[in-house]
A.B. asks: 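Structure below; questions to follow.
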Amino acid sequence: IFSTFLFSSVRTVLNRVFHVSQERTFLKGLGVDFLMMGLTAVLLLLAAGAAWFLTLTETLAERYPSLSAVTVPGLEGIGKMIGLAVTALLFYILYRFAPAVTISPKAAIVAAVTGTILIQLAKWGFAWYVAVAAGSVEFYGLLGGLLFLFMWLYYASAIFVFGAEIGYAFEKHSSRR
């Protein structure tokens, strides 16, 4: 039930960003929410399968040192590329199909790439911030951890909406030509 509220909120926000005048009916919206839940689950399963495969390969490389010279350097890069690809694909799907108005594939790609790059930069910055502020988390305990969680949710949401705004601006600029 929480997922339907989440995807309904995403749909509502994207409808506002893309200036949708007429939203979907309740049943169509619910159907889109369930479709988004299914696609998200498939993407998460693919990402988990890739992580499992990379872990298996790392384990084999540890067991057989002759393989480690070949596999270990590329595994970290492959893992990061898979994470970026899954994030970009998820953003693309949400930007393209969640709102009641479908934007062009090019605008959705621009929005997804923008959102993916910004979310990656935010992850690095947030990891640095958490490392620097680790002492305060120990002092405040669970409340400090919740503060970091809510800060991350806020910034990730802002990045998602900003990516949608970039996609909308690209769509409007492209349609003027």
Side-chain angles (χ1 to χ4, degrees), residues 1-51 53-54 74 76-130 147-177:
I1 293 177
F2 174 75
S3 298
T4 56
F5 290 130
L6 176 69
F7 285 106
S8 175
S9 296
V10 166
R11 189 169 28 92
T12 302
V13 166
L14 291 177
N15 282 337
R16 283 196 181 163
V17 168
F18 297 134
H19 302 282
V20 173
S21 57
Q22 184 176 357
E23 295 191 19
R24 292 183 178 106
T25 64
F26 175 75
L27 290 177
K28 280 186 181 179
L30 197 60
V32 168
D33 294 346
F34 279 110
L35 180 65
M36 293 296 144
M37 283 187 285
L39 288 173
T40 303
V42 168
L43 281 174
L44 289 176
L45 286 174
L46 287 174
F53 176 75
L54 291 172
E76 188 173 321
I78 290 170
K80 289 183 180 189
M81 294 303 291
I82 289 172
L84 287 173
V86 167
T87 303
L89 187 58
L90 177 64
F91 280 1
Y92 176 83
I93 289 169
L94 289 173
Y95 291 143
R96 179 108 163 93
F97 301 111
V101 172
T102 305
I103 64 171
S104 70
K106 284 183 181 180
I109 288 171
V110 167
V113 168
T114 301
T116 301
I117 290 170
L118 291 176
I119 206 82
Q120 186 62 42
L121 291 173
K123 283 195 296 189
W124 291 337
F126 196 72
W128 171 81
Y129 177 71
V130 168
L147 173 69
F148 286 137
L149 171 69
F150 290 131
M151 282 177 52
W152 173 250
L153 290 174
Y154 173 77
Y155 286 118
S157 300
I159 288 168
F160 179 78
V161 172
F162 183 73
E165 292 282 354
I166 295 295
Y168 178 74
F170 182 85
E171 177 88 3
K172 287 299 170 191
H173 181 71
S174 296
S175 66
R176 289 184 190 157
R177 290 184 187 184

A.B. asks: Applying side chain to side chain contact (heavy atoms under 4.5 Å, CB included), can you list everything that pairs with V101, at least two apart in sequence or on another chain?
C.D. replies: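 By the side chain to side chain contact (heavy atoms under 4.5 Å, CB included) rule, V101 matches V20.
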A.B. asks: Looking at every non-hydrogen atom in both residues, tell me the closest pair between A100 and N15 and how far apart they are.
C.D. replies: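 Minimum heavy-atom separation between A100 and N15: N-OD1, 2.7 Å.
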A.B. asks: Enumerate the residue pairs fulfilling salt bridge (Lys or Arg N to Asp or Glu O under 4.0 Å) with a member in residues 9-20, sequence neighbours excluded, ordered by first and then second residue.
C.D. replies: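 Checked against salt bridge (Lys or Arg N to Asp or Glu O under 4.0 Å) - neighbours excluded - the pairs reaching residues 9-20 are R11-D33.
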A.B. asks: State which residues pass salt bridge (Lys or Arg N to Asp or Glu O under 4.0 Å) with K28; sequence neighbours excluded, sorted by chain then number.
C.D. replies: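 With sequence neighbours excluded, K28 shows a salt bridge (Lys or Arg N to Asp or Glu O under 4.0 Å) to no residue whatsoever.
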A.B. asks: Could you pull out every donor-acceptor pair under 3.5 Å between side chains of residues 81-97 and any protein atom, sequence neighbours left out?
C.D. replies:
from, atom 1, to, atom 2, distance (Å)
T87, OG1, G83, O, 2.9
Y92, OH, R96, NE, 3.3
Y95, OH, F160, O, 2.6
R96, NH1, I103, O, 2.3

A.B. asks: For Y129, give me all partners under ring-ring contact (aromatic ring centres under 6.0 Å, His included), at least two apart in sequence or on another chain.
C.D. replies: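 Y129 satisfies ring-ring contact (aromatic ring centres under 6.0 Å, His included) with F148 once adjacent residues are dropped.
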A.B. asks: Among all residues two or more places apart in sequence or in another chain, which pass the side chain to side chain contact (heavy atoms under 4.5 Å, CB included) test with F150?
C.D. replies: L146, L153
A.B. asks: Name all pairs fulfilling the side-chain hydrogen bond (donor to acceptor under 3.5 Å, both in side chains) condition that reach into residues 107-125, sequence neighbours left out, sorted by first residue then second.
C.D. replies: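 side-chain hydrogen bond (donor to acceptor under 3.5 Å, both in side chains) check on residues 107-125 returns Q120-K123.
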A.B. asks: Could you tell me whether F126 atom CZ has more than 12 heavy atoms of other residues or ligands within 6.0 Å of it?
C.D. replies: yes
A.B. asks: Name the atoms and distances for all side-chain donor-acceptor pairs under 3.5 Å in residues 37-47, with sequence neighbours left out.
C.D. replies:
from, atom 1, to, atom 2, distance (Å)
T40, OG1, M36, O, 2.7

A.B. asks: Please tabulate, for side-chain N and O atoms in residues 163-171, each donor-acceptor pair with protein atoms closer than 3.5 Å (sequence neighbours left out).
C.D. replies:
from, atom 1, to, atom 2, distance (Å)
E171, OE1, S104, N, 3.0
E171, OE1, S104, OG, 2.8

A.B. asks: Could you work out, with side chain to side chain contact (heavy atoms under 4.5 Å, CB included) as the rule, every residue matching A156, not counting sequence neighbours?
C.D. replies: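 Scan of A156 (side chain to side chain contact (heavy atoms under 4.5 Å, CB included), adjacent residues dropped) gives I119, W152.
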A.B. asks: At their closest point, which heavy atom of V10 faces which heavy atom of A98, and how far apart are they?
C.D. replies: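 Smallest interatomic distance, heavy atoms only, reads CG1-CB, 4.5 Å.
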